[in-house]
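First comes the structure, then the notes that go with it.
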Amino acid sequence: MNGTQRKIEELRSQRWYNSQDMRGFAHRQRTQQMGLRREEFMGKPVVGIINTWSDLSPCHAHLRDRAEAVKRAVWAGGGYPVELPALSLGEVLVKPTTMLYRNFLAMEAEELLRSHPIDGVVLLGGCDKTTPALLMGAISMNIPAIFCSAGPMLNGKWKGKTLGAGTHTRKYWDELRSGNISQDDWIDLESRMTRSNGTCNTMGTASTMTSIVDTMGLTLPGASSIPASDAAHIRMASSCGSRIVEMIWEDLKPSDILTRANFLNGAKCYMALGGSTNAAIHLIALARRANVELTLDDLDAVARDIPVLTNIFPSGQYLMEDFYYAGGLPALLSQLVEHLDLTTKSISGRTLGDDLEGAERYNDDVIRSLDNPVCEGAALAVLRGNLAPRGAVIKPSSADPKLVKHRGRAIVFENHADMVARIDDPELDVSADSVLVLRQAGPKGAPGMPEWGALPIPKKLLAQGVRDMVRLSDARMSGTHYGTCVLHIAPESAVGGPLAFVRDGDEIELDVAARRLELLVDEAELEARRQHWQAPSPRIDRGYTALFQEHVTQADLGCDFDILQGGQKQKEPEIF
């Protein structure tokens, strides 16, 4: 245990349980109604376990069991554990997109903690949006918190090949469309790619984000790398239960840990991972919740210095199970020590430097050194120009090197439905040099900024052997996908960003090295188009989605709600 231990009467739960008025009586009475003896909860810190388990979230299918492991350790440590179910954002099955609901889960996590007698929390999640959402809520609430990562699934296998979820789905879909595999092969692949519970086994958004927050000190050191099906994962969950009780007595909160240096460490990990472009949005959202300055330019500067060292799909050849056996996140961070601030704190109560002592690398092909990067391209480049005044992103490490400097004629799709209807039309006037443009796919326009950014290659070009093209949108792209895709264009088309004014046949120039994205149309013509443009009506005018469209910020600001970023700390609830 670290620091000065607090007294039981200083814990926020005691406003509920230790009051001698009628309300306190009612709180104790109703807790005993659930079968607990008074001695089991009185005088103990209350540990919330926010669980995003769901029957429709295969990434989280094991989290009921992990919650039990947390509970047994909390009881053993002298705490009182309470499990709180929360919205589960299974990336594949939730429609139209989990990004629409990230802020919903963030709000739910914050309000669950604020409205209940919770002294500290273990956050169970791991699928793409659950990591940032749970932590956004916990950061805003600012009580002791540990993130317990769901862990990656095991490697997929098919006909002697090792397969990764998502990345190979896209690859084999293109092979099916081009006639290189059969329908029977395609059906057989369904049951071979995803062999266990847990998050995607590629370096998609899930493992990118859990590794980043691990580096930032919000998990037990190295916890993010443990496969979901490994017994070590159960032991890790139990350790979270033990540690959170200690953190409550120490009053170790996110605000005591999260500095700009922690976020920059997380960004350096992100680049060395060859991580998902989605992390550029989530990291900024987390930083703004913590009142820490972090911008796209900061991420671009880090990307220029830190090469891709993790040889994992989609930038490399291996999968997360291999990464774990190679030494996991501690082994990767040990290759970056000259770039990291080793004095930053973590929930372990120690510094990052302390946590990395003894870290070993067991496979130098899976986890590379700085002098032997996986590829020439960086994990991220931030582009600007008259087509993206507030920025756009691309993942050079997964792009075709021949396309990172390119000029081509625009083929414009007004929205996703238009793209689906026309992309495989034999009459589509498209060539391998064309630039595919999708609009109305951003935070407000879609709404929810779906992962539509890896536009499919037109079928007639697939038949010619084309496997990559320059593609632009205000959408996102799955972290498991690859290609020369410019994403997160801000401002988006729905709010009058320049993407709204692109027309078929316009010349577009991409130059990743120069960080430029230009629509080669003179300013007078662009202004004329701007004057004739009419803002589209919101697609949905009721419920949560209407709230989302009204309050969501642009991609460069993290797509959080403007009413939740920064601002005054909300007071504790009145008890009456």
TODO: Ignoring hydrogens and angles, state whether a donor on the side chain of D214 or T219 is under 3.5 Å from an acceptor on the partner side chain.
DONE: yes
- [ ] Find the distance between CD1 (I50) and CD (E83) and round it off to the nearest 0.5 Å.
- [x] 11.0 Å
Task: Full working for side chain to side chain donor-acceptor pair (under 3.5 Å) between S255 and N142 - done: CA-CA 7 Å; S255 62; N142 200 34; 2.9 Å; yes
TODO: Describe, in one word, how the ring planes of F561 and H551 are oriented to each other, choosing from parallel (under 30°), tilted (30 to 60°) and perpendicular (over 60°).
DONE: tilted
- [ ] Verify the distance criterion only: is there a donor paired with an acceptor across the side chains of T351 and K345 at less than 3.5 Å?
- [x] no
Task: Separation between CZ of R288 and CD of Q565, rounded to the nearest 0.5 Å - done: 4.0 Å
Task: CD1 on I234 to NE2 on H62, rounded to 0.5 Å - done: 9.0 Å
Task: Single hit among V46, I118, V47 for side chain to side chain contact (heavy atoms under 4.5 Å, CB included) with I248 - done: V47
Task: Residue pair V302, Y270: steps toward the side-chain contact (heavy atoms from CB on, under 4.5 Å) verdict - done: CA-CA 9 Å; V302 171; Y270 165 23; over 6 Å; no
TODO: Would you give the length of the straight line joining atom NZ of K161 to atom NE2 of H168, rounded to the nearest 0.5 angstrom?
DONE: 9.5 Å
- [ ] Could you tell me whether the side chains of R361 and S369 share a donor-acceptor contact shorter than 3.5 Å?
- [x] no
Task: Atom CD of E10 with >12 non-hydrogen neighbours under 6.0 angstrom - done: yes
Task: G164 backbone acceptor or donor facing N201 side chain under 3.5 Å - done: no
TODO: Check whether any side-chain N or O of T202 sits under 3.5 Å from a backbone N or O of F313 as a donor-acceptor pair, and report yes or no.
DONE: no
Open item on the list: Under a 3.5 Å cutoff, is there a donor and acceptor pairing between the side chains of T215 and N265?
Closed with: no
Open item on the list: Please tell me whether T295 and D297 have a donor and an acceptor in their side chains that are separated by less than 3.5 angstrom.
Closed with: no
Task: N278 side chain vs M477 backbone, donor-acceptor pair below 3.5 Å - done: yes
TODO: Evaluate the side-chain contact (heavy atoms from CB on, under 4.5 Å) criterion for residues W75 and K44: first the C-alpha distance (whole Å), next the side-chain angles of each, then the deciding distance (0.1 Å), finally the verdict.
DONE: CA-CA 10 Å; W75 285 120; K44 295 183 177 182; 4.3 Å; yes
- [ ] Check the pair I257 / T344 against side-chain contact (heavy atoms from CB on, under 4.5 Å), numbers first and verdict last.
- [x] CA-CA 7 Å; I257 294 169; T344 57; over 6 Å; no
Open item on the list: Less than 4.0 angstrom from a charged side-chain N to a carboxylate O is my criterion; do R289 and E110 meet it?
Closed with: yes
Task: Passing option when L352 is tested against L340, T343, D341 for side chain to side chain contact (heavy atoms under 4.5 Å, CB included) - done: L340
TODO: Show the numbers, then the answer: is there a side chain to side chain donor-acceptor pair (under 3.5 Å) between N155 and T162?
DONE: CA-CA 7 Å; N155 291 356; T162 298; 5.2 Å; no
Task: N-O pairing of R260 and E293 below 4.0 Å - done: no
Open item on the list: Does either side chain, that of S276 or that of T205, offer a donor lying less than 3.5 Å from an acceptor on the other one?
Closed with: yes
- [ ] Any chance you could measure E321, atom CD, to I226, atom CD1, to the nearest 0.5 Å?
- [x] 13.5 Å
Open item on the list: Main chain of C559, side chain of N103: is a donor-acceptor contact present, judged purely on distance under 3.5 Å?
Closed with: yes
Task: Ion pair R515/D300, N-O distance below 4.0 Å - done: yes
TODO: Supply the atom-to-atom distance D119 CG to L11 CG, rounded to the nearest 0.5 angstrom.
DONE: 4.5 Å
TODO: With side-chain contact (heavy atoms from CB on, under 4.5 Å) as the test, would you mind laying out the steps for L124 and C148 before giving the verdict?
DONE: CA-CA 5 Å; L124 299 183; C148 180; 3.5 Å; yes
